[in-house]
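Just so you know, these numbers come straight off a predicted model, no measurement behind them.
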Amino acid sequence: MRPARRDEAPALAALSRPFVRTGALRERPLSLYLAHAGDFLVAQTPDGTLEGCLGLRIHPAAGVLYNFCVAPHRQGSGVGARLLQAAFARARNRSLTALFTATTGSGRLFLRHGFAPVGPALAPAAWARSLDPARGARVLACPL
């Protein structure tokens with residue numbers, strides 16, 4: 001696990017694209033990946049191919065995890081858990097008190113790592129306002 005580089009923005013977008021098609025992720029323009037590449041942690045194969053990514057946006061006192069995806073052929077191999085642990089470490093290094101995320105799926109991985117459903121009012125306000133109610137996402141939080 002390591003921080004993403006700005007030149008990897010196209011690879012982040014490509015990794016995310018299948019999950020956007022299924023509705024699991026919100027569509028984000030390449031410009032977002034370029035502007036916020038520093039938010040992302042990535043997992044890669046020995047040849048440098050990205051096989052997973054997770055964004056961590058810092059808000060006052062709390063962080064928001066977003067755009068979490070693992071290549072389909074690597075799901076269930078522990079890549080997602082390692083990305084999540086790296087995000088916890090990064091958040092603790094920045095003295096954050098909690099992490100939030102929103103999911104339209106089961107959220108099993110988050111729940112196994114200490115997240116629990118919460119109301120959006122507990123989350124960073126700017127992020128909570130950006131949630132699309134039509135997606136029906138659940139907000140999850142984990143104290144640090």
Side-chain angles (χ1 to χ4, degrees), residues 1-6 8-45 49-144:
M1 303 306 124
R2 63 168 178 79
R5 298 182 313 265
R6 190 171 194 277
E8 292 175 312
L12 291 168
L15 179 65
S16 304
R17 198 165 295 119
F19 301 93
V20 170
R21 277 194 286 259
T22 67
L25 289 179
R26 292 166 63 171
E27 186 166 4
R28 294 176 170 88
L30 179 59
S31 61
L32 180 131
Y33 294 104
L34 286 165
H36 297 285
D39 284 0
F40 285 88
L41 294 164
V42 295
Q44 70 180 42
T45 62
T49 303
L50 297 189
E51 59 183 9
C53 68
L54 174 59
L56 169 59
R57 180 76 45 87
I58 307 296
H59 293 266
V64 172
L65 299 176
Y66 71 101
N67 207 98
F68 189 15
C69 60
V70 174
H73 68 280
R74 295 293 288 152
Q75 291 180 7
S77 71
V79 170
R82 289 192 300 276
L83 280 166
L84 194 51
Q85 289 303 316
F88 274 120
R90 186 182 250 194
R92 287 185 181 107
N93 285 340
R94 287 174 169 77
S95 301
L96 299 180
T97 59
L99 287 175
F100 291 85
T101 195
T103 183
T104 58
S106 70
R108 281 189 306 261
L109 182 63
F110 291 112
L111 297 171
R112 282 197 309 264
H113 284 86
F115 283 79
V118 297
L122 296 176
W127 174 73
R129 282 190 304 270
S130 76
L131 295 173
D132 178 359
R135 290 180 48 80
R138 290 184 305 150
V139 174
L140 305 175
C142 182
L144 296 176

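- Aromatic ring centres of Tyr66 and Phe40: separated by under 6.0 Å.
- How far CG of Asn67 is from CG of Leu54: 8.5 Å, rounded to the nearest 0.5 Å.
- We find the CG-SG distance between Leu96 and Cys142 to be 12.0 Å, quoted to the nearest 0.5 Å.
- With a 4.5 Å cut-off on side-chain heavy atoms, Pro3 and Arg90 count as touching.
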* Under the side-chain contact (heavy atoms from CB on, under 4.5 Å) rule, what do Leu109 and Phe115 come out as? Steps first, then yes or no, please. => CA-CA 9 Å; Leu109 182 63; Phe115 283 79; over 6 Å; no
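- Arg108 CZ: 12 or fewer foreign heavy atoms inside a 6.0 Å radius.
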* To do: Decide yes or no on salt bridge (Lys or Arg N to Asp or Glu O under 4.0 Å) for Glu27 and Arg21, but give the supporting numbers first.
  => CA-CA 8 Å; Glu27 186 166 4; Arg21 277 194 286 259; over 6 Å; no
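- Between Ile58 and Asp39, every side-chain heavy-atom pair lies at or beyond the 4.5 Å cut-off.
- Using a 4.5 Å cut-off on side-chain heavy atoms (C-beta onward), Trp127 and Val139 make contact.
- His36 places no side-chain N or O within 3.5 Å of a backbone atom of Leu32 that could act as its donor or acceptor partner.
- Of all heavy-atom pairs spanning Val64 and Pro124, the tightest one is CG2-CG, 4.0 Å.
- Two residues are said to be in side-chain contact when any heavy atoms from C-beta on lie closer than 4.5 Å; Gln85 and His113 meet this criterion.
- The backbone N or O of Leu12 sits less than 3.5 Å from a side-chain atom of Ser16, completing a donor-acceptor pair.
- Between Arg26 atom CZ and Thr104 atom OG1 the span is 11.0 Å, to the nearest 0.5 Å.
- For the atom pair OH (Tyr33) and SG (Cys53), the distance works out to 6.5 Å, reported to the nearest 0.5 Å.
- A donor-acceptor pair is defined here as one N or O able to donate and one able to accept, closer than 3.5 Å; no such pair exists between the side chain of Thr101 and the backbone of Leu140.
- In this structure, CG in Leu41 is found 7.0 Å from CG in Leu56, a value given to the nearest 0.5 Å.
- Between Ala116 and Leu111, the shortest heavy-atom contact is CA-CD2, 4.2 Å.
- Ring-centre distance between Phe68 and Phe110: below the 6.0 Å cut-off.
- Closest non-hydrogen pair, Gly114 versus Pro143, comes out as O-CD, 4.5 Å.
- A distance of 8.5 Å separates OG1 in Thr103 from CZ in Arg135, rounded to the nearest 0.5 Å.
- With hydrogens and angles disregarded, a donor-acceptor distance shorter than 3.5 Å links the side chain of Arg138 to the backbone of Ser106.
- Inter-residue side-chain proximity for Leu83 and Met1 is flagged as met; some heavy-atom pair is nearer than 4.5 Å.
- Shown here for Val79 and Ala43, the closest heavy-atom pair between the two residues is CG1-CB, 3.7 Å.
- Between Leu50 and Val42 there is a side-chain heavy-atom pair separated by less than 4.5 Å.
- Under the 4.5 Å side-chain criterion, counting only non-hydrogen atoms from C-beta, Gln44 is not in contact with Glu51.
- The closest donor-acceptor contact from the side chain of Thr97 to the backbone of Ala61 lies under 3.5 Å.
- The neighbour count for Gln75 CD, taken as heavy atoms of other residues, nucleotides or ligands under 6.0 Å away, is above 12.
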